[in-house]
Trainee: 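Next up is a structure, given as structure tokens.
Numbers for residues simply follow the sequence, beginning at 1.
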Amino acid sequence: MMFSAALVNPPGGDPGVYLEMKYRRRALMFDLGEIYTLPPRKILKVEHICISHTHMDHFIGFDHLVRLCLGRNREVALYGPPGFLGQIEGRLGAYNWNLVEEYINDFDIVVTEVSPEGRQRTRRFSCRHGFRPEGEGEERPFDGLLCADRYFSLWGAFLDHRTPCLAFRLEERRRINIRKDALTELGLPTGSWLNELKDCLIDDRPPDFPVRIRWKEAGGMKRERQVPLGELVEKIVRITPGRKIAYITDAVYSAANARTILALAGGVDILFIEAPFLHADADQAARKHHLTARQAGLLAGIAGVKRMILFHFSPKYRGREEELYDEATAAFRENRGRRETPV
């Protein structure tokens, strides 16, 4: 898998998922609750952050992120629901930035606000300019695609949490696996050249494109050879479809939300889905516009996901977390292969 994905905090803590691109200094995040448990070196890899909504437990980590990035040449893209641009401007405007013009490096925050009406607007906030928003912002249609990268694409869809709440889906372009046994058989070294080989495939280079293989011998002597891309692909590369990861949080159980969740999470490899309440407390879950563990498992089962990861447990179940896991898992198994929408 190109991305490793894990919860930032325990299931009873603030929501957030850290997605790290293997063998590259790049990462993404879904939501931004407390992030003090993340080492700074990991936070400084983050390039894209998808915010479901700005309730405090989903966004309190923003200030910590900004503080770490100050004085560094960085650009971070954030995506959020209606009102997000004004909220970012308000957070940044709460601080005095009178000394930032002395910084050698600049830190830019590029913020995109999307709406259920199919519009998105992007503005840039630059540290060197005191994080004042630049221009009126670029406005364009929103069809669900938040970001298209050479390695992945990010999608968003709206759920009802008595406020518009975004759910997310990441799709890897494709998985390029190196056969380590074939490398050994051919006497080829591991190293950074393998990432360059993968980039050649992502960029659709022709089979006769020369791939440079560089390594150091035991005595420290540098060696290099060139091999046509097509020959390497035939002997050491295995290409498979890219993995898909979805993130669902803070949604009331309704027909409209169920349809959106099933469409977004259908067939994903990993689904992060909230399970704040046991089904015995379904009335409380509905009042608070959340799912129960049974509802989370049911939706995951119908969506045909390969792996379900639960989070956002209510504090009332502290010490009883296994009950939430058991309820969701039972519903997941019972509803795999079911076709009809459950509500």
Trainee: Would you say the ring centers of His161 and His58 fall short of 6.0 Å from each other?
Mentor: no
Trainee: Have a look at Trp97 and tell me which of Tyr103, Phe131, Phe107 forms a ring-ring contact (aromatic ring centres under 6.0 Å, His included) with it.
Mentor: Phe131
Trainee: Under the side-chain hydrogen bond (donor to acceptor under 3.5 Å, both in side chains) rule, what pairs show up with a residue in residues 146-156, not counting sequence neighbours?
Mentor: Arg24-Tyr151, Arg26-Asp149, Arg150-Asp203, Tyr151-Asp199, Ser153-Trp155
Trainee: Hydrophobic clusters here meaning ILVMFWY residues chained together by side-chain heavy-atom distances under 4.5 Å, can you tell me if Ile248 and Tyr325 are in one?
Mentor: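 Same hydrophobic cluster.
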Trainee: Return each pair, listed once, that meets salt bridge (Lys or Arg N to Asp or Glu O under 4.0 Å) where at least one residue sits in residues 178-187; pairs must be two or more places apart or across chains.
Mentor: Arg179-Asp181
Trainee: Tell me, with the steps shown, if Leu197 and Ile236 meet side-chain contact (heavy atoms from CB on, under 4.5 Å).
Mentor: CA-CA 11 Å; Leu197 166 62; Ile236 69 168; 3.9 Å; yes
Trainee: Is it the case that one hydrophobic cluster holds both Met29 and Leu166, taking links as side-chain heavy atoms less than 4.5 Å apart, direct or via other members?
Mentor: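 Cluster IDs for Met29 and Leu166 differ.
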Trainee: For the residue pair Gln87 and Thr54, confirm or rule out a side-chain donor-acceptor distance under 3.5 Å.
Mentor: yes
Trainee: Using 30° and 60° as the class boundaries, would you call the ring planes of Phe59 and Phe62 parallel, tilted or perpendicular?
Mentor: parallel
Trainee: Using the side chain to side chain contact (heavy atoms under 4.5 Å, CB included) criterion, which residues pair with Lys306? Sequence neighbours excluded.
Mentor: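 With neighbours one apart ignored, the set is Asp269.
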Trainee: Starting at CZ of Arg320, measure out to CG of Asp326 and round the result to the nearest 0.5 Å.
Mentor: 12.0 Å
Trainee: Got a sec, which residues hit salt bridge (charged side-chain N to carboxylate O under 4.0 Å, His left out) with Arg212, two or more places apart in sequence or on another chain?
Mentor: Glu224
Trainee: For the pair Arg25 (side chain) and Leu44 (backbone), establish whether a donor and an acceptor sit closer than 3.5 Å, ignoring hydrogens and angles.
Mentor: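 It does not hold such a pair.
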Trainee: What salt bridge (Lys or Arg N to Asp or Glu O under 4.0 Å) pairs are there with at least one residue in residues 56-71, not counting sequence neighbours?
Mentor: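 Found Asp63-Arg91.
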Trainee: If only atom types and distance count, is the side chain of Arg336 paired as donor or acceptor with the main-chain N or O of Val305 below 3.5 Å?
Mentor: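 It does hold such a pair.
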Trainee: Keeping the roles fixed (side chain from Arg169, backbone from Leu264), state whether a donor-acceptor pair exists under 3.5 Å.
Mentor: yes
Trainee: Hey, what do you get for CD (Glu231) to CG (Asp208), rounding to the nearest 0.5 Å?
Mentor: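 It is 12.0 Å, given to the nearest 0.5 Å.
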Trainee: Less than 4.5 Å apart, side chain to side chain, heavy atoms only: is that true for Leu271 and Ile309?
Mentor: no
Trainee: Do Tyr18 and Leu65 belong to the same hydrophobic cluster, where Ile, Leu, Val, Met, Phe, Trp and Tyr are linked whenever their side-chain heavy atoms lie under 4.5 Å apart, directly or via other members?
Mentor: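 Yes, Tyr18 connects to Leu65 through the hydrophobic network.
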Trainee: Parallel under 30°, tilted from 30 to 60°, perpendicular over 60°: which one fits the rings of His64 and Tyr36?
Mentor: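 Tilted.
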Trainee: Is there a path of hydrophobic side-chain contacts, each under 4.5 Å between heavy atoms of I, L, V, M, F, W or Y residues, that connects Val76 with Tyr79?
Mentor: no
Trainee: Going by side chain to side chain contact (heavy atoms under 4.5 Å, CB included), Ile49 matches just one of Leu28, Leu78, Asp31. Which one?
Mentor: Leu78
Trainee: Taking Leu262 as the starting point, is it possible to reach Phe332 by hopping between hydrophobic residues whose side chains are less than 4.5 Å apart?
Mentor: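 Yes, Phe332 connects to Leu262 through the hydrophobic network.
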Trainee: Under the ring pair (Phe, Tyr, Trp, His ring centres under 6.0 Å) test, which residues partner His279, sequence neighbours left out?
Mentor: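 Partners of His279 by the ring pair (Phe, Tyr, Trp, His ring centres under 6.0 Å) criterion come out as none, since no residue qualifies.
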Trainee: So which residues get pulled into Ile60's cluster when ILVMFWY side chains under 4.5 Å apart are joined, directly or through others?
Mentor: Met56
Trainee: Determine, step by step, whether Lys316 and Asp281 satisfy the side-chain contact (heavy atoms from CB on, under 4.5 Å) criterion, reporting the C-alpha distance in whole Å, the side-chain angles of both residues, the deciding distance to 0.1 Å, and the verdict.
Mentor: CA-CA 11 Å; Lys316 72 181 292 182; Asp281 296 315; 3.5 Å; yes
Trainee: Which pairs count as salt bridge (Lys or Arg N to Asp or Glu O under 4.0 Å) when at least one residue sits in residues 94-115, sequence neighbours excluded?
Mentor: Asp108-Arg124
Trainee: Establish, from distance only, whether the side-chain atoms of Thr112 and Thr122 form a donor-acceptor pair under 3.5 Å.
Mentor: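 Checked: Thr112/Thr122 side chains pair up, N/O donor to acceptor below 3.5 Å.
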Trainee: Tell me which pairs pass ring pair (Phe, Tyr, Trp, His ring centres under 6.0 Å) where either residue lies in residues 174-219, with sequence neighbours left out.
Mentor: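 Qualifying pairs, neighbours excluded: none.
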Trainee: List for me each residue that meets salt bridge (charged side-chain N to carboxylate O under 4.0 Å, His left out) alongside Glu20, sequence neighbours excluded, and say none if there are none.
Mentor: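 Counting only residues at least two positions away or on another chain, Glu20 forms a salt bridge (charged side-chain N to carboxylate O under 4.0 Å, His left out) with Lys42, Lys45.
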Trainee: Under the ring pair (Phe, Tyr, Trp, His ring centres under 6.0 Å) rule, collect the residues that match up with His129, sequence neighbours excluded.
Mentor: none
Trainee: Scan residues 230-275 for pairs that pass ring pair (Phe, Tyr, Trp, His ring centres under 6.0 Å), counting only residues two or more places apart or in two chains.
Mentor: Phe30-Tyr247, Tyr247-Phe311
Trainee: If you measure from CZ on Arg174 to CD1 on Ile239, what distance do you get to the nearest 0.5 Å?
Mentor: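 The CZ atom of Arg174 sits 5.5 Å away from the CD1 atom of Ile239.
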Trainee: Examine distances only and state if a side-chain atom of Asn105 and a backbone atom of Gly71 form a donor-acceptor pair shorter than 3.5 Å.
Mentor: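 Checking the backbone N and O of Gly71 against the side chain of Asn105, a donor-acceptor pair under 3.5 Å is found.
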Trainee: Any sub-3.5 Å donor-acceptor pair from Asn257's side-chain atoms to Leu159's backbone N or O?
Mentor: no
Trainee: Please step through side-chain contact (heavy atoms from CB on, under 4.5 Å) for the pair Phe125 and Glu89, ending with a clear verdict.
Mentor: CA-CA 8 Å; Phe125 299 78; Glu89 184 175 355; 4.0 Å; yes
Trainee: Flag yes if more than 12 heavy atoms outside Tyr95 fall under 6.0 Å of its OH atom; otherwise flag no.
Mentor: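 No.
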Trainee: For the pair Gln295 (side chain) and Thr292 (backbone), establish whether a donor and an acceptor sit closer than 3.5 Å, ignoring hydrogens and angles.
Mentor: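 At least one qualifying donor-acceptor pair exists.
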Trainee: Specify the closest pair of heavy atoms between Leu299 and Ala258, including all atoms of both residues, with the distance to one decimal.
Mentor: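 Between these two residues, the closest heavy atoms are CD2-CB, 3.9 Å.
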Trainee: Determine, stepwise, if the pair Val46 / Leu38 fulfils side-chain contact (heavy atoms from CB on, under 4.5 Å).
Mentor: CA-CA 11 Å; Val46 174; Leu38 275 178; over 6 Å; no
Trainee: Going from CG on Leu278 to CZ on Arg294, what distance comes out if it is rounded to the nearest 0.5 angstrom?
Mentor: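 If we round to the nearest 0.5 Å, Leu278:CG and Arg294:CZ are 9.5 Å apart.
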Trainee: Counting distance only, does the side-chain N/O of Glu172 pair as donor-acceptor with the main-chain N or O of Phe3 below 3.5 Å?
Mentor: yes
Trainee: With a 3.5 Å distance limit and no angle check, can you tell me whether Glu274 reaches the backbone of Asp250 through a side-chain donor-acceptor pair?
Mentor: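 Checking the backbone N and O of Asp250 against the side chain of Glu274, a donor-acceptor pair under 3.5 Å is found.
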Trainee: Take Arg214 and Glu196, measure what salt bridge (charged side-chain N to carboxylate O under 4.0 Å, His left out) needs, and give me the verdict at the end.
Mentor: CA-CA 11 Å; Arg214 300 177 299 277; Glu196 295 169 13; 2.8 Å; yes
